[in-house]
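A, B, ... follow the sequence lines: proteins, then strands. Residue 1 opens every chain.
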Amino acid sequence: MSSSSPSGKELASTFNPADIESSLYSKWLKADYFTADASSSKEAFTMKRMKGYEVLWLPGMDHAGIATQNVVEKQLGAQGLSRHDLGREEFVKKVWEWKAESGGAILDQMKRLGVSVDWSRERFTMDEGMSKAVVSIFKKMHDAGLIYRAERIINWCPRCLTALSDIEVDHQDDAGEFVQIRYGEGEQSIVVATTRAETMLGDGAVAVHPDDPRYKHMIGTEVLLPLVDRMIPIIADELVEMDFGTGAVKVTAAHDPNDFEMAMRHNVPFVVIMNEHGVMAGTGTEFDGMDRFDARAAVVAKLKEMGRVVAEKRPYIHAVGHCSRCDTTVEPRLSKQWFVKVAPLAKASADAVRSGEVKIEPEALAPRYFEWVDNMHDWCISRQLWWGHRIPVWYGPNGEVEVVGPDQTAPAGWTQDPDVLDTWFSSGQWAFSTFGWPEKSADLAKFYPTSVLVTGYDILFFWVVRMMMMSTFAMDGVAPFKTIMLHGLVRDQFGKKMSKSRGNVIDPIEFMDKYGADALRFTLARGANPGTDQALAEDWIGGSRNFATKLWNATRFAMMNGANVNGALPATSELNAIDRWILSRLSETLRDVDSLLEGYEFARACETLYHFAWDDLCDWYLELSKETFASDNKASSQRVLGHVLDQLLRTLHPVMPFITEELWCTLTGGESLVVAQWPKADSSHIDKKSEKLISTLQEVVTEVRRFRNDQGLKPSQKVPGRFSGSADVLEYSSALRFLLKLEDKDFTPSASLEIGGIKIELDLTGSIDVVAERARLEKDLAAAKKDLQTAEVKLGNAGFMAKAPADVVVEIKERLGKTTADIERITAALAALK
RNA sequence: GGGUGCUUAGCUCAGUGGUAGAGCGUCUCGUUUACACCGAGAAUGUCGGGGGUUCGAAACCCUCAGCGCCCA
């Protein structure tokens with residue numbers, strides 16, 4: 001069968017995604033559809049290309065400092081090498097090589113998915129341009145007093161050998177131990193509790209709550225610290241919780257952030273007892289040279305021997321920090337690092353959202369944002385890595401410290417700080433430095449601030465907050481986006497997090513190979529409920545593929561029947577009720593989808609389109625219209641069907657770009673959906689009268705089908721039948737006959753049904769299955785009686801009548817009338833069965 | 001410990017005051033002029049428990065239980 005088209009193309013009889021995807025993507029790239037023009041007069045936007053906006057979607061990647069360095073180090077490790085064997089320069093070269101190979105994988109995935117990004121603007125955080133911007137912003141922030149260097153307790157990974165920011169630490173419940181140790185002798189003794197016994201070697205004090213009656217008399221005195229035999233003071237600090245443990249805590253200033261704070265307040269000395277590998281060092285005890293965990297056991301054993309262990313709890317489940325990249329237990333460590341003073345930046349970021357300049361979608365996530373920005377600690381930005389932007393600070397021979405800007409050079413003989421910057425320091429500049437900042441570029445003027453940031457809520461704190469802070473600082477108080485749209489994470493089919501260890505990771509390429517990019521995209525969009533994670537199962541991608549196939553076949557069928565978009569749509573007065581109905585449904589669908597998309601309700605928008613396409617269009621419109629298309633009076637319907645498909649394909653294009661492009665171009669002969677106009681709902685098409693009529697037809701069809709099914713008739717078996725009732729329904733008798741396989745000829749009815757005022761008489765040639773029919777009718781009768789009762793109770797309730805809104809009362813009254821009629825009808829039918 | 005969310009059909013989830021829904025799965029029938037990646041029909045829920053507000057609660061409030069996430 002042929003399906004000639006304006007494009008001269010024909011649709012293959014089966015849909016195979018692989019046949020069209022890559023060639024269509026090449027077509028779009030070749031046509032430069034995704035390249036944004038900064039000199040355009042159109043309003044800038046990132047998603048509404050089809051609505052006539054100048055759209056820029058800028059692709060790129062960050063350099064993922066720790067993660068990337070770890071991967072390359074691991075590869076070296078397999079050859080028995082460390083990065084130090086290569087030296088800094090060689091090592092960084094290796095990382096670049098690795099990046100060139102692997103970075104392409106993500107970009108390939110994006111291309112396979114058909115994303116409409118502007119590849120001419122692709123950026124990488126380690127690019128020359130962005131690197132220059134990093135130095136510029138560092139200097140600008142330093143000059144503004146927002147960057148400082150200080151000795152602090154930071155999170156230290158003894159494996160990666162680098163500092164970590166707070167958010168690079170994951171807290172897990174680990175099975176540790178809780179040990180109570182007696183310090184001092186006789187009267188002058190006090191019991192402290194700890195989960196990290198080995199740190200007692202570095203204790204500088206014991207702290208108690210100032211109001212604790214148990215210890216009040218001891219405040220200001222000293223106790224003997226066992227093993228190291230040093231006298232340490234007992235201090236009072238409000239930070240101590242009286243109810244926790246023994247109410248007395250050891251103060252290890254150099255190895256615990258809380259202790260550090262207390263130590264600063266009370267002048268407690270900082271005693272460092274571990275090296276960067278987490279190995280005990282410099283304590284002058286037998287424990288030097290032991291790994292921290294071995295030392296923990298050894299210290300406890302020794303104290304036990306001395307009779308100083310008062311109580312032990314093991315296992316003691318408590319939260320322990322782990323390196324988010326390698327899972328090693330983090331060790332708090334006193335060290336000199338660079339920090340960003342976040343208070344003013346965080347305040348500006350919070351204010352931008354509070355004032356409404358920036359909107360967070362879904363709104364429910366805004367409190368999390370505030371909780372974070374309102375209570376932010378200073379941000380440790382130095383990392384003891386080689387892969388990343390090297391800190392642009394140089395040290396002179398006489399202790400001078402200078403920040404060297406992008407166009408400056410350090411004096412001879414000075415040395416640069418060996419550390420690099422946190423990855424988020426550079427990716428936090430994405431919103432402006434990708435546009436060429438600090439140059440006042442045309443892109444910057446046109447596209448900053450960007451309209452919407454779409455990202456996962458898991459990096460709200462990592463990335464979004466950094467971008468807010470750095471952008472508002474760099475861009476004179478103007479926030480980087482108008483809307484922050486946060487989506488959930490993809491999880492496995494049971495809603496579990498995907499992880500390599502669980503073995504439940506889904507490879508998008510594999511599923512695109514199997515079901516097509518459109519199917520994957522539609523599945524993801526259809527599951528994207530605001531702010532919540534979505535489960536993803538192969539079956540559901542298969543379901544979306546089925547939907548794509550359905551669209552393909554519907555369009556193919558429509559074209560075989562002459563669907564077209566030639567000339568103006570006929571006036572509604574010239575159309576039959578079926579055509580008026582589908583136009584009405586189309587209009588309502590477009591209206592609903594538009595408002596759902598505006599609210600970022602992608603899942604519900606997809607659901608709406610899915611049901612319009614499959615149920616309204618395929619199951620009902622096409623079936624009801626087959627009669628028309630077989631007749632001579634089909635021109636109007638052909639035009640209407642062409643219009644409906646045209647509009648539907650446009651609307652589905654953002655979620656299913658490939659198949660819609662292929663179908664639409666074939667159907668209409670148009671150039672490309674990428675640059676086609678977004679449909680506008682035509683409210684003049686809304687026609688409640690036709691909707692009511694079609695819903696009566698649907699009811700009749702469904703009821704007769706049920707009857708046929710209950711009577712054991714084969715779907716294809718033809719049976720004589722006729723209708724009687726209101727004229728506007730009878731007008732579609734032949735369509736009904738076609739759907740119900742009813743023959744138009746003289747016969748003596750052996751069964752009759754009545755639905756919605758229409759009487760259907762059938763000849764089942766012989767006796768009908770009375771038992772089956774009786775069972776069905778009785779079931780319906782019970783349901784109708786229950787409905788009737790519900791309605792009667794409501795209408796008989798004085799409170800309901802007095803307080804319920806008028807339209808609800810009307811609705812219930814109508815329901816009462818309908819169920820009453822149903823009961824009469826069913827009762828009569830039952831009586832007639834005898 | 002603080003914050004926050006969730007609990008609705010076998011599974012994954014929609015549904016913010018007016019007769020409980022979808023997709024997938026299940027059962028029955030079926031190659032009828034797009035489509036078996038299909039069509040038709042069917043079954044399946046005291047909406048986590050208990051209390052309250054209301055004429056009316058899956059939805060609002062309180063409480064209990066279980067699960068999750070973020071942060072310390």
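- The backbone N or O of Ala517(A) sits less than 3.5 Å from a side-chain atom of Glu21(A), completing a donor-acceptor pair.
- In the set C35(B), A40(B), C71(B), A40(B) carries the atom at the smallest distance from any side-chain atom of Asp619(A).
- Within 4.0 Å (heavy atoms only), Glu623(A) reaches at least one base atom of the nucleic acid.
- In this structure, Lys794(A) reaches the bases: a heavy-atom distance under 4.0 Å links it to at least one base atom across the strands shown.
- Side-chain N or O atoms of Asp518(A) include one that pairs as donor or acceptor with a backbone N or O of Ile659(A) at under 3.5 Å.
- With distances taken from any side-chain atom of Pro715(A) to the nucleotides G18(B), C29(B), A34(B), the minimum falls on C29(B).
- Side-chain proximity of Arg705(A) to A40(B), A34(B), G18(B): nearest is A40(B).
- Put simply, Lys626(A) has a side-chain N or O that comes within less than 4.0 Å of OP1 or OP2 on A34(B).
- Using a distance-only test at 3.5 Å, with no hydrogens or angles considered, no donor-acceptor pair links the side chain of Gln493(A) to the main chain of Ala535(A).
- Within 4.0 Å of Phe738(A), counting heavy atoms only, lies at least one base atom of the nucleic acid.
- Residue Thr523(A) places none of its side-chain N or O atoms closer than 4.0 Å to OP1 or OP2 of C24(B).
- Proximity of Arg708(A) to the phosphate of A40(B): no side-chain N or O atom is located under 4.0 Å from OP1 or OP2.
- Side-chain N or O atoms of Arg196(A) include one that pairs as donor or acceptor with a backbone N or O of His255(A) at under 3.5 Å.
- With distances taken from any side-chain atom of Glu607(A) to the nucleotides A22(B), C37(B), G18(B), the minimum falls on A22(B).
- A donor and an acceptor atom never sit less than 3.5 Å apart when one is taken from the side chain of Glu601(A) and the other from the base of A14(B).
- Comparing U32(B), G18(B), A34(B) against the side chain of Arg556(A) picks out A34(B) as the nearest.
- Between G23(B), C35(B), G18(B), one nucleotide has an atom nearer to the side chain of Ala804(A) than all others, and that is G18(B).
- The base of C35(B) sits within donor-acceptor range of the side chain of Lys550(A), with an N or O pair under 3.5 Å.
- Within the nucleic acid shown, Thr555(A) has no heavy atom closer than 4.0 Å to any nucleic acid atom.
- Cation-pi contact between Lys626(A) and Phe557(A): present, with separation from the ring centre below 6.0 Å and deviation from the ring axis of at most 45°.
- In the set G41(B), A22(B), A34(B), the nucleotide with an atom closest to the side chain of Cys618(A) is A34(B).
- Across G41(B), A14(B), C35(B), the shortest atom-to-atom separation from the side chain of Arg604(A) is found for A14(B).
- Contact annotation for Asn529(A): backbone-only contact, meaning every heavy-atom pair under 4.0 Å involves sugar-phosphate atoms and none involves a base.
- Residue contacts for Asn797(A): at a heavy-atom cut-off of 4.0 Å it reaches the sugar-phosphate backbone alone, with no base atom in range.
- Between the side chain of Arg708(A) and the backbone N or O of Lys714(A), at least one donor-acceptor pair lies under 3.5 Å.
- At least one side-chain heavy atom of Leu489(A) sits under 4.5 Å from a side-chain heavy atom of Tyr457(A).
- When each of U32(B), C35(B), G41(B) is scored by its nearest atom to the side-chain atoms of Arg706(A), the top-ranked nucleotide is G41(B).
- In this model, the phosphate group of C38(B) is approached by a side-chain N or O of Asn546(A) to a distance below 4.0 Å at OP1 or OP2.
- Between Lys714(A) and C29(B), a side-chain N or O to OP1/OP2 separation shorter than 4.0 Å is absent.
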* Both distances under 3.5 Å, Watson-Crick or G-U wobble: on that basis, could you give the dot-bracket string for RNA chain B, with [ ] for crossing pairs and | for other-strand partners? => ((((((((.[[[[.)..(..]]]].(((((.......))))).....[[[[[..)....]]]]]))))))).
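- The ring-ring contact (aromatic ring centres under 6.0 Å, His included) search around Phe522(A) returns Phe547(A), not counting sequence neighbours.
- Listed for the Arg556(A) side chain is no donor-acceptor partner under 3.5 Å among the backbone atoms of Phe15(A).
- The Phe494(A) side chain lies nearest to C11(B) when the options are C11(B), G23(B), G18(B).
- Under 4.0 angstrom from either OP1 or OP2 of G2(B) there lies no side-chain N or O belonging to Trp372(A).
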